[in-house]
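This report refers to the structure that appears directly beneath it.
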Amino acid sequence: MTRSPLLTEDTMARHAPPRRRIAAGLAASALIATGLAALSAAPAQAAGSERQQQYSRAAAEFGVPESILLGVSYMESRWADHAGQPSTGAGYGPMHLTDAAEANASGTHHDGDEDARGDESRPLITTPELAPAAADPALQTLDAAAALTGADEASLRADAAQNIRGGAALLAAHQRDLGVTSSSPADWFGAVARYSGATDAGTAGRFAQDVFELIRTGAAEDTDAGPVSLAAQPDLEAAEPQLSELGLRSSHAPEATDCPANLGCEWIPAPYEQYGPKPGDYGNHDQANRPTDMSIDYIVIHDIEGYYSSAVDMVQDPTYVSWQYTMRSTDGHTAQHVKPEDVAWHAGNWYVNSHSIGIEHEGFAANGAWYTETLYRTSARLVRYLAHRFNIPLDRAHIIGHDNVPGTIPSTIRGMHWDPGPYWDWSHYFDLLGAPFWGIGWQGSGQVVIDPDFQRNRPAMVGCDSKKPADPCPDRASSTVFLYSGPSFDAPLLYDIGLRPNGDRSTRHVSDHGSRVATGQQYSVADRQGDWLAIWYLGQKGWLYNPADNPVAKQTLGLIVTPKKGKATVPVYGRAYPEEAAYAGTGIAYQTITPLPYTFAAGQRYTIGDLSPETNYFWAKTMAGPNVVVNGQMRYYEIQFGHRIMYVNAADVDVLPSFWKW
């Protein structure tokens, strides 16, 4: 796939040089991003591919400017058919015609038994599986497309040409409803905004603005039916006043939201209230004063394992858990629930919660075949804004999935969640963030960044249908790369003693991350044999197939840690808690520093993600307070130890450049 155009607005959101962090590579990333943006500004016209012709024919049939049809479709699907599988928002095909009545979420997984608060010194919070929301009438545009085109519903779902016709017919109908007869693309702003399905003016307007910005810059993609391009129209204007004629509700929030100005966020607060007789019977987050009292170091990417409306209902329950933002797939609409300065209960690890912001995305880790482009772009816009505001590096050590959050102690590892799962396109996401993954093209480095071609990378997995856990998953593009115990596809997968204390090997189940890596993660090289590369992973050599004509890992540079001379092994931890002496005089019980059950042995090396994460424990047990931050002197490094990040005591290890005697 060609690289996608970067988001060009919100230039203030380019993050500043990170404090306390590894800065190597950020300058190179910015140069690459600039080059990609320049290349995307004037894409070559596709040579009459079948998919391109489908857009041309549909545009002519229904009187829609071809650039408008292409722009809307790109923002929904990047012009891909996705083999007729529904999106996370019940949409089908290149035009994302929605059919919630057909898109079946019955196979939804409850993706773990973690306590989202992740503080075992407090009572456990159980998080029940979200029930699929009742079909939203807004998620039924396919019926209208069928009536307008005469095509049957099955064809509109499965046949890309009919799907594109359906989208063109809907756009033309929206234009007629506005009473506008112009064929100029500039006069289709209102129809494009209506197509988003958004019910508020902010979200609908932002969707249309994104479409028009895309048309101005142009785009090109290699799709599942050949190359498609959209020629740049840099001088295109937009009749934005048409937005006021759509009768949409105002996006004004009762309380100011923490979002970019043009995102169209609304404020739907998570309750902070007492719901029972005991002092600890309150929910569903804790008040703090971040980043003054604790730094915000992570943004955690979640998927809901359900639909937007279900999540919004649940986050308003004081007995449930919380997160800062929820995003809808169909139009990127965003609701904020918890202020960034407060601590939400979302990641299953109290230390990570205390230092992170959580964003829930409408979708299903196993069953969601694809996420819409507008969801990716809206999420990237929000993350860029937050990263700039809180000085968070745009890398995979700090922009992490819920599946990268470590268990706190050995007993919590097995219950940790694994969303957003192997089908989230991390490479495209970081392209949109303006921080693409880069390599140095030099084989002397002992560090690699995982970066497979998303569309070509289709690993075999099982268990996507929860009712048939042994059945193969559909053939899907993925960010996941499996690791083997030797340089052969016939070698067994690795062990994850935390997930399987009985010593069984990892599996290919879609939820089992015990022997796989994901795009953007960085690892230390352990060995090489021909086209095979070994990395250090959970105390073992993990082998991945890395041929020159289709590499899944790129050489890069950074810092690594290895046990100090004389130490046979050193412990790894799931949180950076203070030493016992730090609690003296606070009246707060010492939170034991418990190692995880993995072995970090002499001779092994792991990459550093953060040189000095804060060492502290946030004590918050009642609404009456006081909420206290216990700060320690012990120093940790954040490392990429397996699929999840972990922490190591700085006193136990030496820090070396990654090219040191790999």
Side-chain angles (χ1 to χ4, degrees), residues 110 113-131 133 251-259 265-294 296 300 302 304-328 333-360 362 386 402 408 417 587-589 591 616-630:
H110 182 47
D113 298 318
E114 71 173 24
D115 171 4
R117 188 163 54 193
D119 182 0
E120 69 272 5
S121 70
R122 305 167 74 174
L124 294 178
I125 300 176
T126 58
T127 52
E129 181 177 351
L130 287 176
S251 299
H252 175 70
E255 184 172 343
T257 56
D258 298 275
C259 295
C265 286
E266 66 175 319
W267 175 247
I268 302 178
Y272 184 67
E273 62 185 57
Q274 193 81 27
Y275 61 79
K278 298 178 181 178
D281 293 343
Y282 75 96
N284 56 9
H285 59 281
D286 283 294
Q287 293 186 339
N289 188 28
R290 303 187 307 174
T292 300
D293 54 2
M294 293 175 290
I296 301 176
V300 182
H302 302 257
I304 295 169
E305 292 303 301
Y307 289 119
Y308 171 87
S309 57
S310 297
V312 169
D313 287 345
M314 296 301 287
V315 80
Q316 296 178 80
D317 180 353
T319 68
Y320 195 57
V321 295
S322 61
W323 47 91
Q324 269 81 11
Y325 301 89
T326 303
M327 286 192 167
R328 191 163 59 206
H333 180 66
T334 303
Q336 183 181 354
H337 314 294
V338 177
K339 291 292 184 179
E341 57 261 32
D342 294 333
V343 175
W345 304 346
H346 63 99
N349 182 313
W350 185 240
Y351 177 81
V352 174
N353 282 343
S354 300
H355 293 276
S356 70
I357 291 171
I359 305 176
E360 290 278 2
E362 186 172 46
L386 294 170
H402 196 176
T408 54
H417 286 196
I588 297 171
Q591 303 298 305
N616 52 38
Y617 170 66
F618 181 41
W619 190 95
K621 297 289 190 290
T622 69
M623 287 187 66
N627 293 348
V628 179
V629 179
V630 179

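Counting from 1, the numbers follow the sequence of the chain as shown. Every value quoted in this text rests on a predicted model; they were computed, and no experiment measured them.
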Who are the side chain to side chain contact (heavy atoms under 4.5 Å, CB included) partners of Thr622, not counting sequence neighbours?
-> Pro279, Ala624
Under 3.5 Å donor-acceptor, Arg117 side chain and Pro123 backbone | yes
What residues form a side-chain hydrogen bond (donor to acceptor under 3.5 Å, both in side chains) with Glu341, not counting sequence neighbours?
-> none
Examine distances only and state if a side-chain atom of Glu120 and a backbone atom of Leu124 form a donor-acceptor pair shorter than 3.5 Å.
-> no
Starting at OG1 of Thr257, measure out to CD1 of Ile268 and round the result to the nearest 0.5 Å.
-> 11.0 Å
Side-chain donor/acceptor of Ser322 to backbone N/O of Val315, under 3.5 Å | no
Identify, with sequence neighbours excluded, every residue that meets salt bridge (charged side-chain N to carboxylate O under 4.0 Å, His left out) alongside Glu273.
-> none
Determine whether Glu114 and Thr408 make a side-chain contact, defined as any pair of heavy atoms from C-beta on separated by less than 4.5 Å.
-> no
Any side-chain heavy-atom pair of Trp350 and Arg122 under 4.5 Å = yes
Of the non-hydrogen atoms in Ala270 and Asn284, which two are nearest, and what is the gap between them?
-> CB-OD1, 3.2 Å
What one should report as the nearest heavy-atom pair of Val343 and Met294 is CG2-CE, 4.1 Å
Test side-chain hydrogen bond (donor to acceptor under 3.5 Å, both in side chains) applied to Asp342 - qualifying residues, sequence neighbours left out | none
For His346 and Val321, indicate whether the former's side chain and the latter's backbone hold a donor-acceptor pair under 3.5 Å.
-> no
Spatial distance of atom NZ (Lys621) from atom CG (Asp286) [nearest 0.5 Å] | 8.5 Å
Qualifying residues under side chain to side chain contact (heavy atoms under 4.5 Å, CB included), relative to Tyr275, sequence neighbours excluded = Asp281, Pro318, Thr319
Parallel, tilted or perpendicular: ring planes of His333 versus Tyr308, cut at 30 and 60 degrees | perpendicular
So, the side chain of Asn353 versus the backbone of Trp345: is there a donor-acceptor pair under 3.5 Å, distance only?
-> no
Parallel, tilted or perpendicular: which describes the rings of Tyr320 and Trp323, with under 30° parallel and over 60° perpendicular?
-> perpendicular
Under 3.5 Å, is there a donor-acceptor pair between the side chain of Gln336 and the main chain of Asp258?
-> yes
Arg290 side chain to Ser356 backbone, donor-acceptor under 3.5 Å = yes
Regarding Glu360 and His337, is there a side-chain donor-to-acceptor distance under 3.5 Å anywhere?
-> no
Full working for side-chain contact (heavy atoms from CB on, under 4.5 Å) between Lys339 and Trp267 | CA-CA 10 Å; Lys339 291 292 184 179; Trp267 175 247; 4.1 Å; yes
Sidechain-backbone polar pair: Asn349 side chain, Val352 backbone, donor-acceptor under 3.5 Å | yes
Side chain to side chain contact (heavy atoms under 4.5 Å, CB included) against Asn627, all qualifying residues, sequence neighbours excluded | Phe618, Ala620
